[in-house]
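Residue numbering restarts at 1 for every chain, and letters A, B, ... go by the order of the sequence lines. Side chains included, hydrogens not; waters and symmetry mates left out as well; all remaining heavy atoms used.
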Protein chains: 2
Amino acid sequence: MTHAFATRLSAHFATLPVQMQKAARWVLEHPQDAALLSMREQARRAGVQPATMTRLAQALGFDGYDAVRALHAQSMRHAQQGLSGRAEERLPLEAGSPEAAARAMLTHAGEQMGQMTRPDLLDALAQAAQILGQARRVFSLGRRSSHAVAWHFHYALSLVSDRAQFLGDAAGSGLDPLLRAGPQDALLVCGVAPYTRSVVEAVAQAHAQRVQVVALTDGPLSPLIVPDAVALIVPTHSASFLHSMTPAFLIAEILAALVARADDPATLARLDGLDRQLAALNTFFHDPKEVSP
Amino acid sequence: MTHAFATRLSAHFATLPVQMQKAARWVLEHPQDAALLSMREQARRAGVQPATMTRLAQALGFDGYDAVRALHAQSMRHAQQGLSGRAEERLPLEAGSPEAAARAMLTHAGEQMGQMTRPDLLDALAQAAQILGQARRVFSLGRRSSHAVAWHFHYALSLVSDRAQFLGDAAGSGLDPLLRAGPQDALLVCGVAPYTRSVVEAVAQAHAQRVQVVALTDGPLSPLIVPDAVALIVPTHSASFLHSMTPAFLIAEILAALVARADDPATLARLDGLDRQLAALNTFFHDPKEVSP
DNA sequence: CATATGATGAAACATATGTTGCATTGGCCC
DNA sequence: GGGCCAATGCAACATATGTTTCATCATATG
């Protein structure tokens, strides 16, 4: 979607008059219509005068609105034939170029996503969601490359529940809350090889205290999978130098959503509305006044 | 193409006059042009009189040629969102079982990955990698749902370079390093709607100090995209209550890999070997002794 | 408060569009 | 070959389109 139009727009948007912003916003949200409909029809749907569309195009440095439409048309063409498969010819990339590498990693990630609809993973997810949903407190733990995953899960859960508690490493005492945990509590731990020792030990400790463990990890033989733990096993193989944590991240996100869903539908709906309202308000304004604190 | 056009055409084609057949054949072979171009332009390209196009449409039972074009336009819309396009409309929001919900979210994520092979994103990635690779210092910044993304990028980069510096919020002074930054430095900032005010302000500040900015965000109008910034725009639509950060996470991971690759191949190779050795050693042992500190 | 600057809406404009009427052509049957 | 009819090309038409102009309005500046 981000062709020259969006680029030029983002450079000028803040300084644009209100009506043009309105028009621009509509165009951004309806790239297909921008390609297929007449300018006047677009103006009608955007709730704007026809002249405004022309002025917008000119303000962005285009000859006229036809140029804008042509741009969207071209983009639509590319998008369609890009998806249908024979897109290789129009990207003559050198092997080893950054673009080629990026493309390879993206493709690889896409394939990994596809592999993750395994039934056992879905089962494990549902099981984990139930455990975490019923727990009195939900601890999250992850270090190094797994830190972001665990933290994100914690953050998502904390939006809808005050049962979430993150086990950081602040002043070396981050794991202390675990000492007071018991069978009513649950621990989501994320870790991949090479496993961080403190994490492995913490999980063992948790297990010893009969804390329910959900392990988001990279293989069935991971040391994080203690007896009775629910294991969420994700691929980590990557084309780059470090393991890909994206699959784990996705699973964490999904798990948080599942837990939240079961947690309190009312809270959830409210948060949903609020969030999207804020988003709608803020997305298209550069004015710092319009952002959330 | 399965529209009504082809159907009606095949029924009448044999009995059609030569000129109309010529026109019809062209339309069949250029469905995209049939949707995007004006009738007269299509007639021109097909080597046919404008009137012939109208007559063809009428001969097939359409009101006029606009109907034919509308048909192709609709088909093009569907094709684009059907293959792997904007999946927003058909999100199975509240699927019944957790398994179904999980599956829906996984599928959705997979489609999003597919969307991200857009040429402009690849370009932006390469551009961003170059900027970050040449910078004296690389700051990373992200709050709330974007925190994990920014942090993960920082962590990955810190594995291969000591130029990485994370702008946390420790004691309210996390942003201070930015005050001493300049044109030689670069900032990777991640943020999605609703944008956190302090982040927006920090980016503005960075830009004022001519720090090179790479913005990983959710739309071309994001306030994080300051002039001269490289914009990495990722989808954030999600089937769950909170925006999906997985695409952003993946891009961050890829970007880190690209930067690292350009940074120092030797260091990279060494780290790679070490990492995999450790992994091989540890993956299959539960013994805590075998894990890294 | 007066003024100037720019945004906005309405209308006018030239042009391109989709369509239709009409003349010409070309082929076919008697 | 003559007469007929569909097919084709051309031109005119009404309309819609993209653009520009101008008057009005809001707002900021002095």
side-chain N/O A:Arg40 vs C:dA16 OP1/OP2, d < 4.0 Å = no
In whole angstrom, give the distance that lies between atom NZ of A:Lys22 and atom C1' of C:dG9.
-> 13 Å
OP1 or OP2 of C:dT19 less than 4.0 angstrom from a side-chain nitrogen or oxygen of B:Gln58, does that happen here?
-> no
B:Thr54 side-chain proximity, nearest of D:dG9, C:dT19, D:dT17 = C:dT19
For B:Phe62 and C:dG18, give me the distance from atom CZ to atom P, rounded to whole Å.
-> 16 Å
Of B:His237, B:Gln112, B:His108, which is the lone residue that meets side chain to side chain contact (heavy atoms under 4.5 Å, CB included) with B:Ser244?
-> B:Gln112
Over how many whole Å does the gap from A:Leu56 atom CG to C:dT8 atom P extend?
-> 12 Å
Measure from the side-chain heavy atoms of A:Asp66 and tell me the nearest of D:dT8, C:dT17, D:dG18.
-> D:dG18
Over how many whole Å does the gap from A:Arg45 atom CZ to D:dT17 atom P extend?
-> 12 Å
OP1 or OP2 of C:dA7 less than 4.0 angstrom from a side-chain nitrogen or oxygen of A:Gln49, does that happen here?
-> no
Specify the separation, in whole Å, of atom CZ of A:Arg69 and atom P of C:dA16.
-> 14 Å
Do A:Arg55 and C:dG6 share a donor-acceptor pair, side chain to base, under 3.5 Å?
-> no
Ring geometry between A:Trp151 and B:His147 (parallel below 30°, tilted from 30 to 60°, perpendicular above 60°) | tilted
In sequence, state the C-alpha distance, the side-chain angles, and the governing distance for A:Glu253 and B:Thr246, and then conclude on side chain to side chain donor-acceptor pair (under 3.5 Å).
-> CA-CA 8 Å; A:Glu253 201 161 64; B:Thr246 303; 2.7 Å; yes
Choose from D:dT19, C:dT8, C:dG18 the nucleotide whose nearest atom is closest to any side-chain atom of B:Met39.
-> C:dG18
Could you tell me whether A:Glu41 and A:Arg45 make a salt bridge, using a distance below 4.0 angstrom between a side-chain N and a carboxylate O?
-> yes
Is the closest side-chain heavy-atom distance between B:Leu188 and B:His154 below 4.5 Å?
-> no
Round to the nearest Å and state the distance from B:Gln42 atom CD to C:dA16 atom P.
-> 18 Å
By nearest-heavy-atom nucleotide on DNA chain D, the more 5' of A:Pro50 and B:Thr52 is B:Thr52
Nearest-neighbour nucleotide for the A:Ala51 side chain, D:dT19, D:dT20, D:dG18 considered = D:dT20
Measure the distance from CD on A:Glu41 to P on D:dA16 and round it to the nearest whole Å.
-> 12 Å
Go through D:dT17, C:dT17, D:dT19 for me and flag the one nearest to the B:Ser38 side chain.
-> C:dT17
Using whole Å, report how far CZ of B:Arg44 lies from P of D:dC10.
-> 14 Å
